[in-house]
Each structure stands twice: as C-alpha cells, then as structure tokens.
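What follows is a single structure, written as structure tokens, with notes after it.
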Protein chains: 2
Amino acid sequence: MDFQVSFNVNNKLFVKDPENTDLGRQIVKNAIDLIYTLGFEQFTFKKLAIEIQTTEATIYRYFENKHKLLLYILNWYWSYMEFLVMFKLQNLDNPEIKLIAVIDLLTSDLPVNSGKFDYNKKFLNQIVISESSKAYLVKDISEINKDEVFKPYKDLCSKIADLIAEYNPNYKFPKSLTTTLIESSHQQQFFADNLPKLTDVNELNQKDFVNSFLKDLLFKSILI
Amino acid sequence: MDFQVSFNVNNKLFVKDPENTDLGRQIVKNAIDLIYTLGFEQFTFKKLAIEIQTTEATIYRYFENKHKLLLYILNWYWSYMEFLVMFKLQNLDNPEIKLIAVIDLLTSDLPVNSGKFDYNKKFLNQIVISESSKAYLVKDISEINKDEVFKPYKDLCSKIADLIAEYNPNYKFPKSLTTTLIESSHQQQFFADNLPKLTDVNELNQKDFVNSFLKDLLFKSILI
DNA sequence: TTAAAAATGATAGTATTACTACCATCTCAA
DNA sequence: TTGAGATGGTAGTAATACTATCATTTTTAA
C-alpha cells in the first residue's frame with residue numbers, strides 16, 4: 001500500500017504555503033521537533049531559524065507568528081486524523097465496531113508513513129497532547145475563529161458525534177461527549193506521564209489504560 | 001452566617017506572603033482582574049504594576065514570575081473549592097446526593113463572600129476555565145511538581161474520587177473520571193461560550209447544560 | 001537568452017518582556 | 001533612636017516578537 005495523502009490546510013494560517021517549497025517543509029518539520037523539545041512557550045522563530053540555518057525574516061515570510069504555526073501543525077494533524085478515521089471505517093457497518101475503531105485511533109500513535117510528510121509522528125502526538133489546548137485557550141479566540149482555523153477539529157468532532165447518534169439516536173450529548181473523549185484522551189495521557197496520581201494507571205501501559213477508560217466512558221454513556 | 005476562611009497556600013509559590021500586607025492583597029486582587037481582562041499571555045507584571053501604581057520591582061518581591069502567580073491564584077481557588085465541598089457535604093450521607101452536590105459546585109459560580117478575600121469570583125471562575133490548564137501544560141512540570149504546587153488540586157480530586165468509590169466500589173476509574181469531570185466542566189463552559197458548535201448547548205443556559213451533561217456522564221459511568 | 005519577478009540571505013532596528021541591581025526613603029518596633 | 005524591613009525609583013540587560021531595507025540568487029516567462 002503506497003499512496004499520497006494531501007490536505008489543503010486553511011490558507012489563512014500561512015503567509016506563503018510551506019508545502020510548496022523545500023524550505024517551507026523544513027520549517028514545519030523542524031518546528032515540530034523544536035516545539036516538542038522546548039515546549040511551545042520556549043519555542044521561538046529565532047531558535048527555529050538557527051536550527052535550519054536561515055533567518056527569522058525568512059520564517060516570517062511563511063508564518064505570521066508562532067501561534068499560527070502551531071495552528072497550522074494542529075490543523076494538519078486533525079485533517080490527517082479525519083482521513084484516518086474515514087479510512088479505518090470504510091467497509092465497517094456495525095456502529096459499535098466503528099466507535100471502537102475511533103477510540104483506538106485516538107489512543108494510538110499516528111502511523112509513520114504518509115508520503116512526503118515525514119513529520120515525526122511521535123513528536124506530533126506529544127504536541128497534540130501537551131500544546132493543542134493552547135491553540136484555542138486564547139483571548140482573541142472569536143477573532144481567529146472567524147478564519148475557520150478550527151474547521152478540521154470541528155469536522156472530526158462532528159463525524160464522531162454522528163457515529164454516536166447512529167449508535168444511540170436518543171443520547172442527548174453526542175457533541176459534548178465527543179469533545180470530552182478527545183480532550184480527555186490527551187489529558188489522561190498527559191497525567192499518566194506527569195501526574196500519575198491523578199489517574200488510575202496501573203501495570204497496564206498508558207495507551208491501553210486510556211483506551212479502556214475511554215471505551216468504558218463512551219459505551220456506558222450511550223448505552224441504549 | 002459570617003466567618004473567615006483561610007488556607008495556607010504553598011509557600012513555594014511566593015517570595016513574600018501576599019496575604020500579610022495590603023499591597024500583597026492588592027497585587028493578587030488586581031492580578032485576577034487583569035488576567036481575566038487581558039488573558040494570561042498578554043498579562044505582564046509591568047501592566048499590573050501600572051494598574052496598582054507601584055513598580056515591577058515591588059511585584060517581583062512577592063512573586064518570582066507570572067506563572068507562579070497564576071499557580072498561587074489557582075491554588076487559592078482549589079483550596080477554597082475543597083473547603084466548599086467539605087462544607088456542602090457535611091450532614092449528607094447518601095453518596096448519590098453528595099455527588100450531585102459536587103457537580104453542582106463544579107458548575108456554579110463561587111459564592112461571593114469569603115471574608116477579607118474580596119477577589120472577583122466571576123473573574124476567578126473564568127480564569128480557572130480559560131487559564132488553569134496552562135499551569136500544568138508546561139515543559140518543566142516535573143520540576144514544579146516537586147514543590148507540591150498541585151497538592152490542592154490533587155486533594156480535591158482524591159476527595160471526589162473517594163465519593164465515587166463509596167458509591168460504586170467496583171468502578172475501575174474513579175480518579176480518571178474525576179479529572180475528566182473537572183476538566184470537562186471547564187472545557188464545555190469554554191466551548192459553550194466560544195465554540196458552541198462543539199457542544200450540545202441549547203435553549204438551556206450554559207451552566208444548566210454543563211451540569212446535566214456531567215451528571216449524565218458521571219452516573220451512567222458509575223451505575224452499579 | 002535575457003529580463004523581470006520572486007525567493008532568500010544578511011543586517012539592522014524597534015518596542016516590549018522578563019527580569020536583576022542598586023540606592024534612597026519611609027515606617028514601625030525594640 | 002536606631003536600625004531592620006518594606007517600598008519606590010531608576011537603570012540596565014538579554015531575549016522576544018516583530019518590521020524594514022537592500023543585496024543576491026533562483027525561477028519563470030517572453
């Protein structure tokens with residue numbers, strides 16, 4: 001199996017499309033590595049410029065600021081995730097099995113190969129876990145929301161919410177349950193790594209623990 | 001009913017205890033107002049100093065940096081919340097009623113009066129909703145965790161987790177469910193305000209909506 | 001093929017942030 | 001009344017988050 005996946009990430013997120021040039025792809029790839037290594041607060045365009053041996057000015061030609069760059073990376077992730085969901089669900093028709101597949105995706109690492117985008121998927125996963133809420137927990141959210149920068153996230157959520165509604169049309173909170181599952185999958189992984197007393201991780205590995213917690217939460221909530 | 005509540009907030013969080021002086025209390029009070037108004041990213045000690053007509057140097061005599069000040073404020077909140085939980089649960093012995101009382105607390109505004117601490121409770125609530133995850137989603141979490149700065153949060157969680165275990169001793173994820181409920185209560189309020197399509201808010205007001213969602217989630221999960 | 005256009009590099013500069021240092025003053029308590 | 005502690009005021013530094021300008025290189029289109 002070998003194919004190219006490509007998404008059109010919202011063009012409000014960049015000044016110049018980084019997918020079109022070597023340098024652009026270098027910027028995104030190394031940004032992922034650096035944000036993972038330093039954390040978003042310590043990450044700067046200056047440090048990134050030094051890393052790829054260019055200048056700040058050049059990076060500013062691609063992205064207005066680091067917040068937009070983070071949004072770009074997350075949008076790429078959410079689009080890829082939605083693609084994976086579609087891909088995994090094809091040929092499945094039992095709603096329960098579909099939902100199990102979704103939870104499995106939410107709690108596993110991204111598959112490594114996706115064509116020319118050799119982003120470090122482990123790092124990308126960790127960024128989503130540790131930094132993604134910083135993309136929306138900002139004072140000017142209503143401004144940036146106008147540019148539809150949360151569309152891929154919303155699309156994924158609405159797809160999952162539809163599966164829930166399919167499973168149990170009477171359940172009252174399909175969307176809120178979906179966002180709770182997604183955000184909780186990040187939180188619980190973060191807590192399991194860093195503040196394990198806030199979780200019930202045990203001898204199981206973390207991914208399995210989060211997976212079983214989320215399944216329990218989901219299926220008890222939507223039980224018919 | 002009139003009484004004084006006082007908590008000893010972890011002394012690793014300040015250089016000089018702000019509760020002991022007028023200026024110290026001014027700093028905390030106005031920090032809450034400013035963080036609410038500007039958001040944590042735009043909030044600076046310089047702006048706070050101008051607001052209360054003092055200098056940056058003075059504020060640095062109380063707090064090492066703005067992250068510690070945020071932690072201080074959140075610790076105060078979590079300690080107060082634990083006090084409220086204890087207070088509300090006294091004389092209750094039905095585990096279900098206790099849990100309902102907890103959810104009600106998590107989804108309502110703080111009571112206005114608590115002695116000399118005339119912090120703006122509405123603002124404090126919003127700060128907890130919008131900024132609290134920034135306190136732990138940092139690269140040096142394991143460092144700051146050594147100073148027990150998350151103790152009040154952990155204590156509250158463990159208290160609630162105990163109630164869940166009391167209700168259903170066989171439920172496997174009392175702690176993870178607790179953190180999910182708390183964090184989800186913030187998230188859903190934030191989404192209801194800012195990205196309502198990610199939720200199922202309807203004609204109900206937001207607090208009622210979040211309240212009923214969380215109760216549904218909780219009691220279905222721990223059903224015996 | 002050549003000239004124009006676009007992309008990048010190099011350097012510099014500004015305002016703000018996140019501090020630290022130092023000294024003067026003021027106050028309150030022994 | 002003296003002296004310790006709290007605060008004010010000023011200054012300074014390194015880093016951040018940009019913007020501007022100009023030179024060079026690369027691409028493209030006529």
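Reminder, nothing fancy here: chain letters follow the sequence lines and each chain counts from 1. None of these values were measured; they are calculated from a predicted model.
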Give the rounded distance in Å between these two atoms: CG of B:Asn65 and P of C:dT17.
16 Å
Does a nitrogen or oxygen in the side chain of B:Thr58 sit under 4.0 Å from OP1 or OP2 of D:dT7?
no
Does a nitrogen or oxygen in the side chain of A:Lys16 sit under 4.0 Å from OP1 or OP2 of C:dA7?
yes
Starting at atom CZ of B:Phe63, determine the distance to atom P of D:dT7, rounded to an integer number of angstrom.
13 Å
For the residue pair A:Phe190 and B:Tyr136, categorise the inter-ring angle as parallel (less than 30°), tilted (30 to 60°) or perpendicular (more than 60°).
tilted
Give the rounded distance in Å between these two atoms: CD of A:Gln42 and C1' of C:dT17.
13 Å
Of all the choices, D:dG9, D:dT16, D:dG8, which nucleotide is nearest to the side chain of A:Thr44 once you look at every atom?
D:dT16
Taking OH from A:Tyr62 and C1' from D:dT19, how many angstroms apart are they, rounded to a whole number?
19 Å
Ion pair check, A:Asp109 and A:Lys207, cut-off under 4.0 Å
yes
Considering just the side-chain nitrogens and oxygens of B:Thr55, establish if one lies under 4.0 Å of OP1 or OP2 belonging to D:dG9.
no
Please determine whether any donor N or O and acceptor N or O are separated by less than 3.5 Å between the side chain of B:Arg61 and the base of D:dG8.
yes
Taking CD from B:Glu56 and P from D:dT7, how many angstroms apart are they, rounded to a whole number?
17 Å
Separation of D:dA6 atom C1' from B:Arg25 atom CZ, nearest Å, is 15 Å
A:Lys154 and A:Asn145: side chain donor to acceptor below 3.5 Å
yes
Starting at CD1 of A:Ile59 and ending at C1' of C:dT8, how long is that distance when rounded to a whole Å?
12 Å
Side-chain N or O of A:Lys47 versus OP1/OP2 of D:dT16: is the shortest distance under 4.0 Å?
yes
Check the distance between C:dC28's C1' and B:Asp22's CG and give it to me in whole angstrom.
15 Å
Under a plain distance cut-off of 3.5 Å, with no hydrogens placed, do B:Ser185 and B:Thr107 share a side-chain donor-acceptor pair?
no
